[in-house]
Number of protein chains: 2
Amino acid sequence: MNIYDVSKQAGVSIATVSRVINGNPNVSDRTRKKVLAVMEELGYTPNVFARGLGLNTMKTIGIMCSDASDLYLANAISYLERELRANEYDAILCCTGYNLENKKKYLELLLSKRVDGVIMAGSKFIESTREDNEYILNAARQVPVMLVNGRLEGKNIYSILCDDYTAVYQAVTKLIRSGRRRILYLYTSVSYSGNNKRRGYQNASMDAGLGNLENMIYQCPKDIAYSRDLLSDLYRQGLKFDAVMTSDDTLAVGALKFAASAGLKVPEDLSIIGYNNSLLSRASEPELTSVDTKIEALCTTTISTLMSVFNGGKNVPNWITISAELIKRYTTDF
Amino acid sequence: MNIYDVSKQAGVSIATVSRVINGNPNVSDRTRKKVLAVMEELGYTPNVFARGLGLNTMKTIGIMCSDASDLYLANAISYLERELRANEYDAILCCTGYNLENKKKYLELLLSKRVDGVIMAGSKFIESTREDNEYILNAARQVPVMLVNGRLEGKNIYSILCDDYTAVYQAVTKLIRSGRRRILYLYTSVSYSGNNKRRGYQNASMDAGLGNLENMIYQCPKDIAYSRDLLSDLYRQGLKFDAVMTSDDTLAVGALKFAASAGLKVPEDLSIIGYNNSLLSRASEPELTSVDTKIEALCTTTISTLMSVFNGGKNVPNWITISAELIKRYTTDF
DNA sequence: TTGTAAGCGTTATCAC
DNA sequence: GTGATAACGCTTACAA
């Protein structure tokens, strides 16, 4: 069942059938209807491989993410896929993990599959040295590369991010204004986004005259139990703190568990702010005040930008920032 | 840059180059090395579209899921993708939502993309009438269809599921043995898996001489607040219950919130059991006793089964069941 | 508006 | 072992 069968049955040439398939206007209505009818009758479906060969594209985008089961990334994937499909693109999913060599390998793999573009979801794809980011710059020579919540300058590379700096700055400022003085900052990892959050924390406390609080900053694996135990340890060691700002809801839930175990009241004795406004922020008790990082807006913007690139749009911005929003719940008293 | 360029440069025919690419043993070591060297030198990558055209496959599997941001499905997707990639298959992700027409449309779409197989992740693809499942039977005429946690009999259809019946039966039996008599059952939706859970609940209470408890069974949207409010309403209306068995951790978290608001102690006044052993079961306070439904095992089994089908394996079972495991935490006192 | 024919870059079947 | 060469099913100039 191919284009020849259809053309024969419809009494036209394959070129005409092809025109009908591709919506070419240079076909008489009568012919178009006839061909369409035959296609329907024969249950004909164009062969996408042959099509890909001729057009050198299969309208497919590679989505790379470190871990599709991560709450934040799972949401991102869901939105990205929805938007891609709305634009008639398929999404090939590629979970890379966190190892650089694997990320390189998988990017190569996607390119060898001739995807029309690559989306890197999450901040874990940008390394600290220029050399280690070379693989992305190289990829961008072949197809547009979209960084959802990552930042890298380069031709054909587009960064769409949340304004994490301002988000944390404002959240911490609110904590300070509500009377908190010893605010702990817990973060999971260093990345462009991670650095911005940290800067937001430090600048907010500097601007409020509390110093940069270097000794109030702690890294912690993205794990509830780790976070809880880290805080318990610090508490036992005598560190005083009346608030915890985190870079992820997971850590905030850990802080909540620490508070419960230490007999601290939230938010009276300990205020806590989460990040990402994930499901966790509504599952915990009390529910977390958290920063909504606007994943959906990030994703829709990513895809619309990508489509602009495909449509040859001039002046497509390489760097788009979206504002976050602080969602107040019950772990803060402002 | 194509196979002709390589063949010219290497001084062999394209047939030989093709043989090298495809690991055909009928090539002398000397020639193979030569060709490999030229491919390397020229940075040649085979064109997957041409390849697909010739082989009529691009080693791609369509993964359908209702919602990639759902905790359970996000995990499933993550495992499925990992296993597919380990077998050198790509995964095209397709989030369908819950509407039947959309599910049909997307399945059609995937088939028109000539995927080599379709995986339906989650129990939401099987409808209650034979007629509404026809679209799956039809698809199975073209490619193998794998149902992860769904059940449908048919040629070329493979169901891999968790033994939900036994899981719930045993969990409820434990509740009864620990002294609970008025056990509420909260479930999110009817499906093959949903029915089995419900049967497990009913049979356990029947077998324990507590009757079938028809009036203790309630449906509730998969939402923390809904679950909390439903229980609050029932409680206010005077319904007595000393335990809640749920079909999903989300509902169990809602039960926890209800307990907190009603001043009920967990597990003393109210025992709660969640389902799926998701992140939520560790984020809540106290942490949920929950049924681990072995998603990973389900997914690895799904892919290994699919590979057996591709390899022409005879006697590939159409129905595989995996046992769940009850994870005891702090919302039960057994 | 329609048809002819030349690609597109492989794989696979023959010969040799 | 290796090389011609015919598929594979489409798109797209170029002609008519």
Side-chain angles (χ1 to χ4, degrees), chain A residues 1-39 42-60 88 90 109 111-116 142-143 310, chain B residues 1-40 42-60 88 90 109 111-116 142 310:
Chain A
M1 169 60 53
N2 58 28
I3 204 171
Y4 289 92
D5 300 325
V6 176
S7 78
K8 201 176 298 170
Q9 183 82 5
V12 297
S13 73
I14 58 162
T16 297
V17 178
S18 178
R19 287 190 192 98
V20 171
I21 293 170
N22 294 287
N24 186 315
N26 292 336
V27 183
S28 75
D29 238 41
R30 196 170 131 53
T31 313
R32 160 167 285 107
K33 285 218 179 73
K34 172 82 186 166
V35 171
L36 250 20
V38 171
M39 280 172 32
L42 267 49
Y44 164 79
T45 317
N47 181 306
V48 287
F49 304 143
R51 207 145 190 242
L53 185 56
L55 296 170
N56 203 31
T57 163
M58 288 224 329
K59 302 232 327 172
T60 301
E88 303 189 290
D90 285 325
L109 184 72
L111 293 177
S112 78
K113 297 290 166 82
R114 311 263 170 151
V115 293
D116 299 296
Q142 297 183 43
V143 296
F310 286 152
Chain B
M1 170 61 54
N2 59 28
I3 204 170
Y4 288 91
D5 300 323
V6 176
S7 79
K8 201 175 299 171
Q9 183 81 3
V12 297
S13 72
I14 60 161
T16 298
V17 178
S18 179
R19 287 189 191 99
V20 172
I21 294 170
N22 294 285
N24 186 316
N26 292 337
V27 184
S28 75
D29 238 39
R30 197 169 129 56
T31 313
R32 160 168 285 106
K33 285 217 180 72
K34 172 82 186 164
V35 172
L36 250 20
V38 170
M39 280 172 33
E40 172 79 8
L42 267 50
Y44 163 80
T45 316
N47 182 307
V48 288
F49 304 144
R51 211 148 191 238
L53 184 57
L55 296 170
N56 202 33
T57 163
M58 289 227 321
K59 300 232 329 175
T60 301
E88 303 188 290
D90 286 325
L109 185 71
L111 293 176
S112 78
K113 297 292 165 81
R114 299 280 213 275
V115 293
D116 300 296
Q142 298 183 44
F310 286 152

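Below, chain A is the first sequence line, B the second, and so on; all start at residue 1.
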Taking atom P of D/dT2 as reference, at what distance in whole Å does atom CG of B/Asp29 sit?
-> 10 Å

Taken to the nearest 0.5 Å, the spacing of A/Ile3 CD1 from A/Ile21 CD1 works out to 4.0 Å

Sort out for me which residue in B/Ile14, B/Asn22, B/Val20, B/Thr16 forms a side chain to side chain contact (heavy atoms under 4.5 Å, CB included) with B/Ser18.
-> B/Asn22

Rounded off to whole Å, could you give me the CG-to-C1' distance for the B/Asn56 and C/dT11 pair?
-> 12 Å

If you measure from CG on B/Leu53 to CG on A/Asn47, what distance do you get to the nearest 0.5 Å?
-> 6.0 Å

A/Val48 and A/Met58 have their tightest heavy-atom pair at O-SD, 3.4 Å

Whole-Å distance between D/dC8 P and B/Phe49 CZ?
-> 21 Å

Distance below 4.0 Å between A/Arg19 side-chain N/O and C/dT1 OP1 or OP2 | no

Nearest whole angstrom, please: distance from the P of D/dG9 to the CD1 of A/Ile14.
-> 12 Å

Would you mind reading off the bend of the helix from C/dT1-D/dA16 to C/dC16-D/dG1 from its two end axes, five pairs each, to 10 degrees?
-> 30°

Residue B/Lys34 excluded, over 12 heavy atoms near NZ under 6.0 Å | no

For D/dG3, does OP1 or OP2 lie under 4.0 Å from any side-chain N or O of B/Thr16?
-> yes

A/Ser13 versus A/Ser7, closest heavy-atom pair with distance | C-CB, 3.6 Å

Reckon A/Tyr4 has a side-chain N or O less than 4.0 Å from the OP1 or OP2 of C/dA5?
-> no

Phosphate OP1/OP2 of D/dG9: any A/Asn47 side-chain N/O under 4.0 Å | no

Quickly work out the B/Ile21 CD1 to C/dG9 P distance and round it to whole Å.
-> 13 Å

B/Tyr44 has a side chain; which of C/dT10, D/dG3, D/dG9 sits nearest to it?
-> C/dT10

What's the spacing between B/Thr60 OG1 and A/Lys113 NZ if we round to 0.5 Å?
-> 6.5 Å

Gap between atom CG of A/Asn24 and atom CZ of A/Arg32 - 0.5 Å precision = 7.5 Å

What's the closest nucleotide to the B/Arg51 side chain, out of C/dT11, D/dT11, C/dT2?
-> C/dT11

Look at all strands and tell whether A/Asn22 reaches a base, only sugar-phosphate, or nothing, counting heavy atoms closer than 4.0 Å.
-> sugar-phosphate

With heavy atoms under 4.0 Å as the rule, sort B/Val12 into base, sugar-phosphate or nothing.
-> sugar-phosphate

How long is the line joining CG of B/Asn26 and P of C/dT11, in whole Å?
-> 15 Å

In whole Å, what is the span from the NZ atom of A/Lys34 to the P atom of C/dG3?
-> 13 Å

Nearest whole angstrom, please: distance from the C1' of D/dA13 to the CG of A/Leu55.
-> 14 Å

Has A/Thr31 got a side-chain N or O lying under 4.0 Å from the OP1 or OP2 atom of C/dT1?
-> no

Name the nucleic acid region contacted by B/Leu53, choosing base, sugar-phosphate or nothing; use a 4.0 angstrom heavy-atom cut-off, strictly under.
-> base

Give A/Ser18 one of three labels, base, sugar-phosphate or nothing, depending on what nucleic acid heavy atoms sit under 4.0 Å from its own.
-> base

Between B/Gly54 and B/Val27, the residue closer to the 5' end of DNA chain D by nearest nucleotide is B/Val27

